[in-house]
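Whatever order the structure lists ligands and atoms in, that order sets their numbers, starting from 1.
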Amino acid sequence: MTAKIDIGVLVSGSGSNLQSIIDNIEKGRLDARIRIVISNNPEAYALTRCRNHGIEAVVIRQEDHPDRESCDRAMVEVLKGKGVELVVMAGFMRLLSPFFLKAYPMRIMNIHPALLPAFPGLHVQKKAVEYGAKFSGCTVHFADEGVDTGPVIIQAVVPILPDDTEDTLAARILREEHKIYPQAIQWFAEGRIEVRGRQVRIRGVEQPKPVVLFNPPLEER
Ligand code: GAR
């Protein structure tokens with residue numbers, strides 16, 4: 001049995017990724033304890049999810065601090081005070097300062113609803129549809145000082161269908177987010193993640209199957 005890792009989750013909105021982490025923990029599939037949830041949005045539905053599951057949560061808003069770094073100092077103080085070993089950004093819509101990144105080097109994960117390095121930033125499901133891309137997906141990566149640029153841990157690919165809207169694509173991607181985030185956190189808890197520069201290796205993991213996807217599909221002739 002793996003020792004449980006103490007995590008802190010940063011949220012801004014609905015918190016469906018937080019919910020998938022909670023569900024995986026409750027089912028005994030994820031060896032983690034959520035020591036604290038921090039929201040920068042007092043209206044976030046993620047806070048209701050915390051109340052429903054007896055998870056401690058606090059609101060820390062940049063507006064209540066003179067600048068980003070002092071806000072981040074307050075967040076780091078809370079996280080360290082709770083013994084948090086891994087910070088999990090789950091729909092947290094704010095960039096972290098260098099101070100925060102230094103406090104948790106290679107110990108901050110983020111999930112992004114696109115296949116990085118394509119479509120970093122915001123509203124990326126809309127951008128992928130408008131671009132006419134044929135595939136998108138989601139990425140779990142370590143946070144670094146850039147916008148969605150840190151070393152990639154795991155990705156899932158979904159097709160973009162001809163009738164997709166921003167919302168239908170976002171829903172298809174979100175279903176896969178809920179699978180890859182708990183997996184990445186579990187690998188971290190098991191101490192199986194090895195980072196060398198940009199290369200992330202998971203010790204003892206199976207080779208991926210050499211599948212190729214075509215969209216639209218090739219036609220037989
Ligand atoms: C998720 O799709 C997540 O990947 C995205 O926000 C959504 C949050 O949903 N994050 C970003 O865009 C970060 N750049 P949730 O609150 O239901 O987990």
Side-chain angles (χ1 to χ4, degrees), residues 7-26 30 32 34 36-53 55 57-62 68 72 75 86-97 100-101 104 108-131 133 135-160 164-186:
I7 67 174
V9 185
L10 311 186
V11 297
S12 299
S14 151
S16 71
N17 276 289
L18 168 67
Q19 188 68 55
S20 89
I21 293 166
I22 295 170
D23 294 344
N24 277 276
I25 291 173
E26 289 183 352
L30 178 49
I34 302 177
I36 189 78
V37 170
I38 302 179
S39 174
N40 64 342
N41 169 14
E43 308 294 327
Y45 184 68
L47 294 169
T48 303
R49 297 182 195 272
C50 291
R51 278 192 291 279
N52 292 342
H53 291 268
I55 294 168
V58 287
V59 174
I60 301 182
R61 304 189 319 156
Q62 195 173 320
R68 185 167 65 136
D72 281 10
M75 287 170 65
L86 175 70
V87 178
V88 173
M89 293 200 274
F92 185 64
M93 298 305 191
R94 227 203 80 204
L95 275 184
L96 298 176
S97 65
F100 197 126
L101 293 163
Y104 280 99
I108 306 169
M109 284 186 189
N110 182 41
I111 189 152
H112 182 73
L115 280 182
L116 292 172
F119 304 113
L122 295 175
H123 312 298
V124 295
Q125 301 94 335
K126 183 165 184 277
K127 286 178 188 160
V129 169
E130 285 175 358
Y131 187 89
F135 291 99
S136 189
C138 44
T139 304
V140 176
H141 65 95
F142 285 109
D144 68 5
E145 52 300 320
V147 177
D148 303 319
T149 52
V152 172
I153 301 166
I154 182 172
Q155 295 186 305
V157 179
V158 303
I160 300 179
D164 264 336
T165 62
E166 174 183 7
D167 290 345
T168 58
L169 178 60
R172 188 173 310 119
I173 292 172
L174 205 52
R175 279 196 292 279
E176 308 313 315
E177 294 187 37
H178 297 161
K179 298 175 196 163
I180 66 173
Y181 220 176
Q183 172 68 85
I185 298 165
Q186 180 61 20

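For atom 5 (C) of ligand 1, the nearest non-hydrogen atom of the protein is Pro113 CD, 3.8 Å. Among all protein heavy atoms, the one lying closest to atom 9 (O) of ligand 1 is Asn17 ND2, 4.1 Å. Atom 14 (N) of ligand 1 has as its closest protein heavy atom His112 ND1, 3.5 Å. Regarding atom 15 (P) of ligand 1, its nearest protein heavy-atom neighbour is Ser16 N, 3.4 Å.
Using modelled atom types and a 3.5 Å distance limit, the side chains of Ser12 and Asn41 yield no donor-acceptor pair. His53 and Gln19 are linked by a side-chain donor-acceptor pair at a separation below 3.5 angstrom, with hydrogens and angles left out of the test. If you check the side chains of Ser14 and Arg49, you find a donor sitting under 3.5 Å from an acceptor.
Looking at Gln155 and Ile180, their side chains never come closer than 4.5 Å, going by heavy atoms from C-beta outward.
Of the candidates Gly13, Gly91, Gly15, the one placing a heavy atom closest to atom 16 (O) of ligand 1 is Gly15. For atom 13 (C) of ligand 1, the nearest non-hydrogen atom from the set Ile111, Leu122, Ile173, Val147 comes from Ile111.
For Met93, every heavy-atom contact with ligand 1 shorter than 4.0 Å involves the side chain, none the backbone.
Contact atoms of ligand 1 toward Glu177: 1 (C), 2 (O), 3 (C), 4 (O) (distance under 4.0 Å to a heavy atom of the residue).
Remark: Phe135 CZ is packed, more than 12 non-hydrogen atoms of other residues, nucleotides or ligands lying under 6.0 Å away.
Between Lys127 and Glu130, no side-chain nitrogen of the basic residue sits less than 4.0 Å from a carboxylate oxygen of the acidic one, so the salt-bridge criterion is not met.
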